[in-house]
Amino acid sequence: ELRRELAHLELFRIIKRMGLDGELETNPKNTPKTDAGVLEVEENPDFSVAKDEKIYAVFKCEGENVTAAAVKDKGKILLFTELEKIERLISLENPFVTYDLKTLYRTGKDIKNPEFDVLLCAYILNPSANNYDISRLSAEYSVVAPSVENSDEKYSELLRSTAVLPSLYETLLLRLGDGKPLELLKNIEIPLSKVLADMERDGFLVDAEGIKEFGNRLDMRIKELEA
């Protein structure tokens with residue numbers, strides 16, 4: 001109980017110092033029960049999905065290089081390191097639940113049907129938080145990740161993040177509710193993330209002379225107020 005309250009207050013250094021950074025055995029009110037279990041990993045498999053089947057995916061992007069991991073209906077984790085398989089994954093029209101869409105958008109790649117972004121949802125729920133790492137969110141909302149078998153150390157963080165994504169999604173969706181906050185996420189925050197990523201990647205035009213002139217006017221006004 002103490003660990004849960006400290007996590008809610010984002011006192012994670014104190015949690016670690018007190019030796020309370022192990023996994024929680026119980027869940028707070030309004031948090032779905034999680035069956036942690038163990039997930040196996042299949043690398044670059046041939047895969048198929050049913051129409052409207054939800055896909056839980058996390059993307060690791062280093063420059064233009066993308067690695068992806070996905071869970072279908074809380075089954076096995078599919079690890080994609082081959083570009084052809086990744087392109088096929090993101091071309092699907094199924095609803096995607098993911099984490100930090102903007103990271104993928106910065107590479108110039110796109111998802112056709114982004115339904116939910118855990119990072120953006122966490123921001124809406126707690127805009128004053130100092131970070132939104134999946135591990136921190138899991139601690140704050142008492143979500144226990146399944147273990148991952150046969151995980152290559154190179155991809156361990158990606159796989160762990162993907163493993164916890166379905167349960168974290170259920171928890172945050174419950175906290176968000178089905179009213180205006182959910183509309184904000186789907187109609188404003190998710191579309192805006194692509195716009196911001198495009199601006200970061202491609203840049204945008206500014207009126208340099210106009211900005212300079214505005215700065216001069218501010219300087220004059222400051223001097224008038226100081227006089």
Side-chain angles (χ1 to χ4, degrees), residues 3 7 10 12-25 34-49 54-92 96-109 111 114 116-122 129-172 197:
R3 181 190 186 282
E10 299 182 37
F12 294 102
R13 290 185 179 178
I14 295 179
I15 290 174
K16 187 173 182 180
R17 189 175 303 169
M18 296 178 66
L20 300 174
D21 51 341
E23 294 181 341
L24 285 174
E25 296 180 356
T34 58
D35 180 13
V38 179
L39 298 180
E40 295 181 0
V41 178
E42 291 187 8
E43 188 168 348
N44 295 309
D46 292 322
F47 66 98
S48 61
V49 292
K54 201 182 302 294
I55 298 174
Y56 304 88
V58 178
F59 300 90
K60 178 182 179 181
C61 305
E62 298 175 339
E64 297 297 318
N65 298 319
V66 179
T67 307
V71 176
K72 298 195 309 171
D73 291 338
K74 300 185 180 180
K76 295 181 179 180
I77 292 185
L78 311 180
L79 175 63
F80 300 101
T81 59
E82 298 176 0
L83 180 59
E84 180 182 354
K85 296 291 178 68
I86 295 171
E87 294 285 359
R88 186 189 167 206
L89 175 68
I90 64 177
S91 69
L92 296 173
F96 271 77
V97 174
T98 187
Y99 173 85
D100 194 6
L101 273 167
K102 194 164 71 167
T103 296
L104 179 67
Y105 288 152
R106 286 195 195 103
T107 68
K109 294 179 173 56
I111 291 177
F116 198 93
D117 186 327
V118 165
L119 185 149
L120 292 177
C121 178
N130 55 19
N131 78 72
Y132 300 94
D133 291 342
I134 284 187
S135 59
R136 192 198 71 82
L137 295 177
S138 298
E140 179 178 355
Y141 293 101
S142 303
V143 177
V144 180
S147 300
V148 180
E149 285 189 347
N150 305 321
S151 64
D152 187 326
E153 186 63 29
K154 181 179 179 181
Y155 305 115
S156 59
E157 183 177 352
L158 173 65
L159 295 170
R160 285 195 301 269
S161 298
T162 307
V164 77
L165 190 63
S167 295
L168 194 54
Y169 158 72
E170 292 178 0
T171 299
L172 295 185

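Computed from a predicted model, the values in this text were never measured in an experiment.
In this structure the side chain of L137 never reaches within 4.5 angstrom of the side chain of V143, judged on heavy atoms. Residues I77 and Y155 have side chains not in contact (no heavy-atom distance under 4.5 Å, counting atoms from C-beta outward). Residues L79 and L158 are in side-chain contact: their nearest non-hydrogen atoms beyond the backbone lie under 4.5 Å apart. You'll find the side chain of L101 stays beyond 4.5 Å of the side chain of F96, heavy atoms only. Residues E87 and K109 meet the side-chain proximity criterion, which asks for heavy atoms closer than 4.5 Å.
The distance from atom OG1 of T162 to atom NZ of K60, rounded to the nearest 0.5 Å, is 11.0 Å. Here the straight-line distance linking atom OG1 of T107 with atom CG of N65 works out to 9.5 Å at 0.5 Å rounding. Note that CG of L119 is 10.0 Å distant from SG of C121, once rounded to the nearest 0.5 Å. Between I86 atom CD1 and T81 atom OG1 the span is 7.0 Å, to the nearest 0.5 Å. In this structure, S135 OG and E157 CD are separated by 7.5 Å, a value rounded to the nearest 0.5 Å.
Contact record, Y141 with T171: CB-CG2, 3.8 Å, taken as the closest heavy-atom pair. Heavy-atom minimum distance, T98 versus V58: OG1-CA, 4.2 Å.
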Stepwise side chain to side chain contact (heavy atoms under 4.5 Å, CB included) test for V71 and L165: CA-CA 9 Å; V71 176; L165 190 63; over 6 Å; no
List the steps, then state whether side chain to side chain contact (heavy atoms under 4.5 Å, CB included) holds for F47 with L92. CA-CA 11 Å; F47 66 98; L92 296 173; 3.8 Å; yes
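Both the sub-6.0 Å distance and the 45° axial angle are not jointly satisfied by R88 relative to the ring of F80.
Remark: D133 pairs with no residue by the side-chain hydrogen bond (donor to acceptor under 3.5 Å, both in side chains) rule, at least two apart or across chains.
Around the CD atom of E82, the shell of radius 6.0 Å holds more than 12 heavy atoms that belong to other residues, nucleotides or ligands.
Checking each of T103, T67, L104 against F59 for a side-chain contact (heavy atoms from CB on, under 4.5 Å) leaves exactly one that passes, namely L104.
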